Amino acid sequence: MKRREFLLGSAAFALNVTKAMAGMTMSGSNMAGMNMSGAASKSTKRIRKLPVGAPLSGLAKLVNQSNAPAVFEATIEAGIASHEFVPGMATQVLAYNGSVPGTMIEVFEGDHVKIAFKNRIPDQASTIHWHGLEVPADQDGNPTNPVASGSDRIYEFTIPEGSAGSYWYHPHPHGQTSEQVYRGLAAPFIVRSKNDPLPTELGDTVLFISSVSLNADGTIAENTAADLMNGREGDHVLVNGSKQPVLTLPPGSSHRFRIYNATNGHFLRLSLDGHSMTLVGTDGGLITAPIKGFKELLLAPAERAEIIVDFQSKVGPVTLSGKAYERGWMGGNKPPAMTTSLMTFNLAGPVVQPVTLPEKLRDIVPLGEPTARHRIEFSENMGMTKDAMTMDFLIDGKSFDMNRVDLKARVGEVALWEIFNNSDMDHPFHIHGTQFQIVEREKNGSKTVAPFLAWKDTVNITAKETVRIKLRHSMPGLRVYHCHILEHEDQGMMGTLDVI
Ligand code: C2O
Ligand code: CU
Ligand code: CU
């Protein structure tokens, strides 16, 4: 039975990763010569082609069940659903309310949100984590608060004023986050402001980027050893659930996009066929003023950007592509360095006038002098047994333990965090329950001060780089911070912060 197969598949991955890694045997003396078995060998026959060129889909919305003002109430059920990536071929996915990507939430600042969560994923605990939002620790779907398979819980929180931005939600059960996300559980969570400074003529289009790998029989491929090591880069990058969709817009128009990197392990180095992009927002909402002239924009896993594009007045296609990015690949099966098309904007119809942007978007108050300091270090540790290899992804030399407190903080204090990536690949750092401000980056002895103020919840840290950030938690409770390559997070690259 289908269902059984699915469960077995999950169980195979749930076995601890060291075992999966032990399936990799060394042949020859370098890692590129690695001969993989186990999960990897099952995945050799893949679907290499998906239909392209369909009109960009809108995302299914989560309907508000409440009539009360400033209240958003809904039910989210996570469970097995059938989805057609290939027409006529059913793929069993995990879906929020049956939809992949999941149902998009749209609320206003100040709204009270009450979500009834039903975990209908067979045999696996889950949670809903509200990525980037400042919600009470016990409502944030942390791995410390799993919801057992078949059971329900309520998540309830109030959206803070001033937090308008592009957030998202996804599962966070320890050890199974990566799998539940790559099988389909992730969705945007948009917080709107009642006084958005950007003109409505710009439109507002969400581009939710995920990826999928499909076996020849239509099932979702399990993580290979290379995926576990580097973070899963699915074979097909999808925008709002489909491959290389097309959005038709008038030539000369200015348009607003909220771009999400909701993949487990792709680094999206976005470019727009020579068009330049104007940055207006980051993970935690608008920046203080539009910044023009971006020829490319790197979004590491979990990062978001809000941009305005002024399209040229000549008709024709403009491609949004992901350029090759050197993220420090480990082992064999390195994907070829090439530019991939993500989607196309088709400029057609009468030419329209560009929209003038306001000079100022909002105030961001700098976090000020820190009164606490933390230093953490990301590292990888390669181990070898007689004929197999193991890999650990660590923070401060330790693997995640939810019963251990790694760092402590006080409510309201401003802390300077120094995060050193003492490894050979990029790792995007993320922390729960707050947004931070990047202070500076340091690499090979040279420092670069953050070029502008912005609210962020995820920051990429390249190999051997140090990033300094300032942050403040306004609510008590246990939070986690981790690498947002979800395979690394599952393999222990996560720590705990107790805010008192
Ligand atoms: Cu996107 Cu710990 O989360
Ligand atoms: Cu998060
Ligand atoms: Cu990582």
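For reference, positions follow the sequence shown, starting with 1. Everything numeric in this text was worked out from a predicted model, so none of it was measured.
At a threshold of 4.5 Å between non-hydrogen side-chain atoms, the residues D283 and W455 do not count as touching. Contact annotation: the side chain of D426 never approaches that of I461 to less than 4.5 Å [non-hydrogen atoms, C-beta and beyond]. Side-chain contact between L272 and V309 is present, with heavy atoms from C-beta onward closer than 4.5 Å. Considering only heavy atoms from C-beta on, T278 stays 4.5 Å or farther from F294 through its side chain. Considering only heavy atoms from C-beta on, N381 comes within 4.5 Å of L394 through its side chain. Looking only at side-chain heavy atoms (C-beta outward), K443 and T462 come within less than 4.5 Å of each other. Counting only heavy atoms from C-beta outward, the side chains of V239 and F208 never approach each other to under 4.5 Å. Counting only heavy atoms from C-beta outward, the side chains of D204 and R258 approach each other to under 4.5 Å.
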Does the side-chain hydrogen bond (donor to acceptor under 3.5 Å, both in side chains) test come out yes or no for N223 and E487, once each step is laid out? CA-CA 9 Å; N223 267 341; E487 286 72 21; 3.0 Å; yes
Take S213 and R232, measure what side chain to side chain contact (heavy atoms under 4.5 Å, CB included) needs, and give me the verdict at the end. CA-CA 9 Å; S213 295; R232 180 182 179 99; 3.6 Å; yes
Should I154 and K114 be marked as a side chain to side chain contact (heavy atoms under 4.5 Å, CB included) after you check the CA-CA gap, both sets of side-chain angles, and the distance that decides it? CA-CA 7 Å; I154 306 274; K114 194 173 173 186; 3.8 Å; yes
Pair R472-Q435, side-chain hydrogen bond (donor to acceptor under 3.5 Å, both in side chains): steps then yes or no: CA-CA 8 Å; R472 177 174 60 204; Q435 293 282 323; over 6 Å; no
Going through the checks in order, is the side-chain hydrogen bond (donor to acceptor under 3.5 Å, both in side chains) test met by E109 and S163? CA-CA 6 Å; E109 291 176 348; S163 67; 5.1 Å; no
Run W329 and R327 through side chain to side chain contact (heavy atoms under 4.5 Å, CB included) and show every step you take. CA-CA 6 Å; W329 190 267; R327 37 79 57 95; 3.9 Å; yes
Check the pair K118, T75 against side chain to side chain contact (heavy atoms under 4.5 Å, CB included), reporting the backbone distance first and the verdict last. CA-CA 8 Å; K118 296 180 181 301; T75 298; 3.9 Å; yes
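Side-chain contact, T434 with E134: no donor N or O sits under 3.5 Å from an acceptor N or O. The closest side-chain donor-acceptor pair between D310 and S254 falls under 3.5 angstrom. For the 3.5 Å distance criterion, the side chains of T127 and N142 fail to qualify, holding no donor opposite an acceptor. Checking K464 against N421 by side-chain atom types alone, no donor-acceptor pair falls below 3.5 Å. A donor-acceptor contact closer than 3.5 angstrom is absent between the side chains of N97 and S99. Side chains of E380 and S423: a donor on one and an acceptor on the other come within 3.5 Å. Under the 3.5 Å distance criterion, with hydrogens and angles disregarded, no donor-acceptor pair is assigned to the side chains of S193 and D196. If you check the side chains of T177 and H170, you find no donor sitting under 3.5 Å from an acceptor. Using modelled atom types, one finds no donor on one side chain facing an acceptor on the other under 3.5 Å when comparing N460 with E303. H131 and H172 share no side-chain donor-acceptor pair at under 3.5 Å. Residues Q180 and S126 have side chains that bring a donor and an acceptor to within less than 3.5 angstrom of each other.
Atom CD1 of I376 and atom CG of D406 lie 9.5 Å apart (nearest 0.5 Å). Taken from CG in L286 to CD1 in I364, the straight-line distance is 8.0 Å, to the nearest 0.5 Å. Interatomic distance, CZ of R362 versus CG of L198, reported as 11.0 Å (0.5 Å rounding). For the atom pair CD1 (I438) and CD1 (I469), the distance works out to 7.5 Å, reported to the nearest 0.5 Å. To the nearest 0.5 angstrom, R120 atom CZ is 13.0 Å from I80 atom CD1. Here the CD1 atom belonging to I485 is positioned 9.5 Å from the CG atom belonging to N264, to the nearest 0.5 angstrom.
The shortest heavy-atom contact between F117 and A78 is CE1-CB, 3.8 Å. In this structure, K408 and H374 approach most closely via the heavy-atom pair O-CE1, 3.3 Å. Of all heavy-atom pairs between Y155 and Q139, the closest is CD2-O, 3.2 Å. The two residues L247 and F257 come nearest to each other via the heavy atoms CD2-CE2, 4.0 Å. The two residues R304 and S166 have their closest heavy-atom pair at NE-O, 2.7 Å. Across all non-hydrogen atoms, the minimal contact from Y260 to P188 is OH-CB, 3.7 Å.
Among residues at least two apart or in separate chains, there is no salt bridge (Lys or Arg N to Asp or Glu O under 4.0 Å) pair with a member in residues 161-171.
A donor-acceptor pair is defined here as one N or O able to donate and one able to accept, closer than 3.5 Å; no such pair exists between the side chain of E222 and the backbone of E179. No donor-acceptor distance shorter than 3.5 angstrom exists from the side chain of D111 to the backbone of V113, with no hydrogens or angles considered. The backbone N or O of P245 lies less than 3.5 Å from no partner atom in the side chain of S242, so there is not a single donor-acceptor pair. In this structure a side-chain-to-backbone donor-acceptor pair under 3.5 Å is missing from T282 to A305.
Between H484 and H430, the angle of the ring planes goes over 60°, which puts this pair in the perpendicular group of the 30/60° scheme. By the 30° and 60° cut-offs, the orientation of the rings of F189 relative to Y169 is perpendicular. Classification of the F436-F429 ring pair by plane angle, with boundaries at 30° and 60°, yields tilted.
Checked against L207 for a side-chain contact (heavy atoms from CB on, under 4.5 Å), the options L342, L56, N261 give a single hit: L56.
No cation-pi contact links R269 to F267, judged by a cut-off of 6.0 Å to the six-membered ring centre and 45° from its axis. A cation-pi arrangement, defined by a distance under 6.0 Å to the six-membered ring centre and an angle within 45 degrees of its axis, is absent between R192 and F108.
Taking H174 as the reference, F400 meet the ring pair (Phe, Tyr, Trp, His ring centres under 6.0 Å) condition, with sequence neighbours excluded. The side-chain contact (heavy atoms from CB on, under 4.5 Å) search around K360 returns D363, not counting sequence neighbours.
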